Amino acid sequence: MPMTYQTRANISNKMARPKLIVFDLDYTLWPFWVDTHHDPPFLKRSDGQVYDRHGKMVICYPDVPQVLHRLHSEGYTLAVASRSSTPPEAHELCHLFDWDKYFTYKEIYPGSKVTHFGRFVEESGIPYEDMLFFDDEQRNIIELRNIGVTSIMVNDGITKALIKEGLETFQHNRQQHR
């Protein structure tokens with residue numbers, strides 16, 4: 001039987017688990033800035049791949065589909081927080097990648113990630129300290145750590161190993177605050 005992220009990340013079922021896992025989009029789930037590297041409209045062709053207006057393939061990081069599926073199947077609530085200046089295109093790509101089924105919450109618009117997370121608290125009732133966040137920008141990591149969100153720096157896109165590290169860091173942080 002394969003190990004789950006949760007069983008890999010802890011030995012005891014009594015360990016803390018995030019109530020909300022949040023991902024940035026650009027350079028976190030996909031290797032580009034949606035507002036500058038691809039031109040809409042986007043199209044999913046019969047080969048299952050997504051292409052932009054110029055026929056350039058639009059891809060996500062290799063581990064992302066499996067990571068999202070696995071976290072969702074393990075009962076985690078997932079969300080997106082993106083500072084994109086082109087929200088419709090970001091939403092469209094999430095849809096074309098078939099990720100809408102995984103994300104309970106999506107906050108995609110320009111502005112501070114603190115605002116995005118404030119909306120998550122309002123909509124979900126989940127406090128900051130019960131959230132785990134992955135982003136490629138240090139300024140966002142710092143801002144969210146300052147309000148109590150466990151925040152993980154993403155250097156080369158989301159990977160299975162980074163998810164494991166994030167869950168372990170979350171558990172460590174929760175143990176420190178008991």
Side-chain angles (χ1 to χ4, degrees), residues 5-6 8-10 15-37 60-61 63-72 74-91 93-94 97 99-100 102-178:
Y5 287 121
Q6 193 60 38
R8 280 186 193 148
N10 66 25
M15 300 297 277
R17 122 183 200 136
K19 293 181 180 170
L20 184 64
I21 300 177
V22 183
F23 297 95
D24 175 45
L25 292 173
D26 297 338
Y27 288 99
T28 300
L29 295 184
W30 52 54
F32 56 87
W33 285 302
V34 71
D35 53 353
T36 61
H37 287 92
C60 62
Y61 286 108
D63 284 1
V64 169
Q66 184 180 4
V67 162
L68 294 177
H69 174 76
R70 193 165 190 178
L71 288 170
H72 185 262
E74 291 179 17
Y76 288 99
T77 302
L78 307 179
V80 167
S82 176
R83 297 160 62 112
S84 176
S85 62
T86 55
E89 288 82 355
H91 280 283
L93 285 178
C94 285
F97 283 134
W99 296 346
D100 287 343
Y102 301 127
F103 296 123
T104 303
Y105 307 102
K106 287 191 271 185
E107 295 295 321
I108 303 173
Y109 46 83
S112 171
K113 292 278 174 97
V114 173
T115 303
H116 293 106
F117 277 74
R119 293 287 313 248
F120 292 144
V121 171
E122 288 174 22
E123 292 177 24
S124 70
I126 297 170
Y128 296 127
E129 60 270 11
D130 287 333
M131 297 181 187
L132 172 59
F133 176 51
F134 295 90
D135 197 306
D136 68 307
E137 290 188 52
Q138 190 64 35
R139 66 180 170 164
N140 297 327
I141 298 296
I142 292 168
E143 280 185 339
L144 292 170
R145 281 182 183 159
N146 286 339
I147 62 171
V149 176
T150 297
S151 302
I152 306 297
M153 185 68 184
V154 176
N155 293 312
D156 294 308
I158 287 295
T159 63
K160 295 171 201 164
L162 193 58
I163 294 296
K164 181 179 182 289
E165 176 188 325
L167 291 169
E168 290 170 349
T169 301
F170 179 85
Q171 291 168 355
H172 174 77
N173 289 351
R174 289 307 301 264
Q175 288 172 348
Q176 298 297 321
H177 292 102
R178 284 188 178 174

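In this text the structure is predicted, and so the values were computed from the model without any measurement. Count residues from 1 along the sequence.
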- Item | Nearest non-hydrogen partners of A81 and F117, listed with the distance | CB-CE1, 4.0 Å
- Query: Any donor and acceptor pair, going by atom type alone, linking the side chain of D135 with main-chain N or O of T28 inside 3.5 Å?
  - Reply: no
- Query: At what distance, to the nearest 0.5 angstrom, does OG1 of T36 lie from CG of D26?
  - Reply: 7.5 Å
- Item | Residue pair C60 / L29: nearest heavy atoms and the distance that separates them | CB-O, 3.3 Å
- Message: Are V64 and F23 packed together at the side-chain level, in the sense that at least one heavy-atom pair is separated by less than 4.5 angstrom?
- Response: no
- Query: Distance from D156 atom CG to D63 atom CG, nearest 0.5 Å?
  - Reply: 11.5 Å
- Message: Run K164 and E168 through salt bridge (Lys or Arg N to Asp or Glu O under 4.0 Å) and show every step you take.
- Response: CA-CA 6 Å; K164 181 179 182 289; E168 290 170 349; 2.6 Å; yes
- Task: Look at the aromatic rings of Y27 and W33 and report parallel, tilted or perpendicular, splitting at 30° and 60°.
- Result: perpendicular
- Rounded to the nearest 0.5 Å, the CD1 atom of I21 sits from the CZ atom of F134 at a distance of 6.5 Å
- Item | Minimal non-hydrogen separation, S85 against D35, with atom names | OG-OD2, 2.7 Å
- Task: Take E107 and T115, measure what side-chain contact (heavy atoms from CB on, under 4.5 Å) needs, and give me the verdict at the end.
- Result: CA-CA 9 Å; E107 295 295 321; T115 303; over 6 Å; no
- Item | From T104 atom OG1 to L78 atom CG, the distance as rounded to the nearest 0.5 Å | 6.5 Å
- Task: Mark yes or no for whether H116, through its side chain, and Y109, through its backbone, hold a donor-acceptor pair below 3.5 Å.
- Result: yes
- Item | Derivation of the side-chain contact (heavy atoms from CB on, under 4.5 Å) call for V149 and F120 | CA-CA 12 Å; V149 176; F120 292 144; over 6 Å; no
- Message: Are more than 12 heavy atoms, taken from residues, nucleotides or ligands other than H37, located less than 6.0 Å from that residue's NE2 atom?
- Response: yes
- Find the distance between CH2 (W99) and NE2 (H69) and round it off to the nearest 0.5 Å. 15.0 Å
- Message: I'd like to check F103 versus L68 (side-chain heavy atoms, cut-off strictly below 4.5 Å). Are they in contact?
- Response: yes
- Item | From CA spacing to verdict: side-chain contact (heavy atoms from CB on, under 4.5 Å), L25, C94 | CA-CA 9 Å; L25 292 173; C94 285; 3.9 Å; yes
- Message: Ignoring hydrogens, what is the shortest heavy-atom contact between R83 and N140? Give both atom names and the distance.
- Response: NH1-OD1, 3.0 Å
- Task: Please determine which of I163, L167, T169 meets the side-chain contact (heavy atoms from CB on, under 4.5 Å) test together with E165.
- Result: T169
- Quick one: pull up CG in D24 and OG in S151 and give me the separation to the nearest 0.5 Å. 11.5 Å
- Minimum side-chain heavy-atom gap Y61-V154 below 4.5 Å: no
- side-chain contact (heavy atoms from CB on, under 4.5 Å) assessment of K113 paired with F133: CA-CA 10 Å; K113 292 278 174 97; F133 176 51; 3.8 Å; yes
- Message: Ignoring hydrogens, what is the shortest heavy-atom contact between I126 and M131? Give both atom names and the distance.
- Response: O-CE, 3.2 Å
- Message: Ignoring hydrogens, what is the shortest heavy-atom contact between E123 and Y105? Give both atom names and the distance.
- Response: OE1-CD2, 3.3 Å
- Query: Would a 4.5 Å heavy-atom cut-off, applied to side chains only, mark S82 and I108 as touching?
  - Reply: yes
- Would a 4.5 Å heavy-atom cut-off, applied to side chains only, mark I141 and R145 as touching? yes
